[in-house]
Amino acid sequence: DTAYNLWSFETGFPSMDRFYDAYRTEKVFVDFRTRRNKMLRSRLSHICRPFSFWPEIKPQKVLDIDSPIFELRSYTLRPGTTIEWGNYWVRGINVRRNNSKPIAGLFTQLGDLHVVHHLWAYKSLEHRKLMRDAAWRKPGWDEVIQYTVPLVRHMKSQIL
């Protein structure tokens, strides 16, 4: 099994520094890590920033249903192409926004670099299929794909 955690730090790195200091020194966190580490086989962290054109990441009821499915799409880009990716996805998010629920669009700052994560919510796998098919019928979607695919070295899609 894999667990994903999205943490938001209001003031960026200063907030993260305070959190990590407490995480390393306070007994409750040290005890937690000791118990947790016995269950882990591996661990990976990405420190990311959100793209400014994606909706704000916040706790919310998604799609007015109790148990949506989430798709995490991760793209490893060629070095130096993250800004270009973002420039195309400004248009892409507008095409997809009416079909799918965008939850997060992030790019890595620490960890594996040149990685972009898109998190989408759907009512079901069938809803996912219908919404993705609908995007192809919208003007501009094919252009976003045409220009962003060459920027990708590797991609992965996971249903959470």
Side-chain angles (χ1 to χ4, degrees), residues 1-13 15-17 19-20 23 36 40-65 67-160:
D1 288 339
T2 302
Y4 290 91
N5 296 291
L6 291 175
W7 296 73
S8 178
F9 296 94
E10 285 187 23
T11 61
F13 288 125
S15 296
M16 290 176 64
D17 288 339
F19 169 79
Y20 282 122
Y23 187 70
R36 181 211 55 207
L40 292 180
R41 286 187 287 211
S42 67
R43 185 168 173 244
L44 173 70
S45 293
H46 282 179
I47 306 298
C48 301
R49 294 201 52 196
F51 283 105
S52 62
F53 53 86
W54 278 69
E56 179 185 357
I57 302 168
K58 59 184 179 184
Q60 58 185 299
K61 181 150 177 125
V62 178
L63 301 172
D64 295 323
I65 61 173
S67 299
I69 65 163
F70 294 93
E71 179 183 20
L72 178 63
R73 297 180 69 88
S74 300
Y75 306 88
T76 303
L77 305 180
R78 289 181 313 151
T81 61
T82 303
I83 291 172
E84 188 177 354
W85 176 274
N87 289 338
Y88 288 116
W89 264 93
V90 166
R91 289 180 270 161
I93 192 71
N94 288 327
V95 172
R96 291 285 309 269
R97 186 182 310 267
N98 295 330
N99 298 40
S100 308
K101 177 68 174 169
I103 302 298
L106 310 162
F107 60 95
T108 55
Q109 295 265 289
L110 295 169
D112 294 334
L113 298 178
H114 315 294
V115 176
V116 171
H117 301 287
H118 292 178
L119 184 63
W120 301 89
Y122 300 98
K123 296 176 183 176
S124 64
L125 290 174
E126 179 65 15
H127 179 241
R128 175 188 175 273
K129 179 189 179 319
L130 294 172
M131 296 302 99
R132 292 181 56 78
D133 289 349
W136 284 103
R137 293 189 294 275
K138 298 248 179 158
W141 180 246
D142 56 345
E143 186 177 302
V144 171
I145 300 306
Q146 175 185 355
Y147 289 111
T148 56
V149 165
L151 307 178
V152 176
R153 291 177 120 178
H154 175 76
M155 67 180 285
K156 178 169 66 171
S157 173
Q158 300 171 312
I159 298 298
L160 311 178

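Crowding of Lys129 atom NZ: a count of heavy atoms from other residues, nucleotides or ligands under 6.0 Å not exceeding 12. By the neighbour-count criterion of 12 heavy atoms within 6.0 Å, atom CD1 of Ile83 is sparsely surrounded, having that number or fewer from other residues, nucleotides or ligands. No more than 12 heavy-atom neighbours from other residues, nucleotides or ligands sit within 6.0 angstrom of OH on Tyr147.
Between Cys48 and His117, the shortest heavy-atom distance links the atoms SG-CD2, 3.9 Å. Of all heavy-atom pairs spanning Gly140 and Val95, the tightest one is C-CG2, 4.5 Å. Closest of all the heavy-atom pairs between Ile69 and Leu125 is CD1-CD2, 3.5 Å. Nearest heavy atoms, Thr82 versus His114: OG1-CA, 4.4 Å. Across all their heavy atoms, Tyr88 and Val144 have their closest contact at O-CG2, 3.8 Å. Scanning both residues, Ser157 and Glu71, for their nearest heavy atoms gives OG-OE2, 2.5 Å.
Here the side chains of Trp136 and Ile145 are in contact, with some heavy-atom distance below 4.5 Å. With a 4.5 Å cut-off on side-chain heavy atoms, Arg43 and Ser45 count as touching. Side chains of Asp112 and Thr76 form no contact here, defined as non-hydrogen atoms less than 4.5 Å apart. Within the 4.5 Å cutoff, no side-chain heavy atoms of Ile47 are placed close to those of Phe9. For the pair Ile159/Arg128, a side-chain contact is recorded, criterion being any heavy-atom separation below 4.5 Å from C-beta on. Using a 4.5 Å heavy-atom cutoff, the side chains of Phe70 and Tyr4 are not in contact.
Here the CZ-NZ distance, from Arg96 to Lys101, works out to 13.5 Å after rounding to the nearest 0.5 Å. In this structure, CZ on Arg49 lies 7.5 Å from CZ on Phe13, to the nearest 0.5 angstrom. A distance of 7.5 Å separates OG in Ser124 from CG in Leu130, rounded to the nearest 0.5 Å. In this structure, OG on Ser8 lies 10.5 Å from CE on Met16, to the nearest 0.5 angstrom. The CD1 atom of Ile103 sits 11.0 Å away from the CG atom of Leu160 when rounded to the nearest 0.5 Å. Note that CG of Leu77 is 11.5 Å distant from NE2 of His154, once rounded to the nearest 0.5 Å.
Between His127 and Tyr122, the angle of the ring planes goes over 60°, which puts this pair in the perpendicular group of the 30/60° scheme. Below 30°, between 30° and 60°, or above 60°: for Phe51 and Phe107 the angle between ring planes is between 30° and 60°, a tilted geometry. The aromatic rings of Trp89 and His118 sit perpendicular to each other, their planes meeting at more than 60°, with 30° as the lower class boundary.
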TODO: Dump the intermediate steps for side-chain contact (heavy atoms from CB on, under 4.5 Å) on Leu106 and Val116, then the final yes or no.
DONE: CA-CA 6 Å; Leu106 310 162; Val116 171; over 6 Å; no
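Using modelled atom types, one side-chain atom of Thr108 and one backbone atom of Val115 make a donor-acceptor pair closer than 3.5 Å.
The pair Asp133-Arg137 does not count as a salt bridge, with every side-chain nitrogen at least 4.0 angstrom from each carboxylate oxygen.
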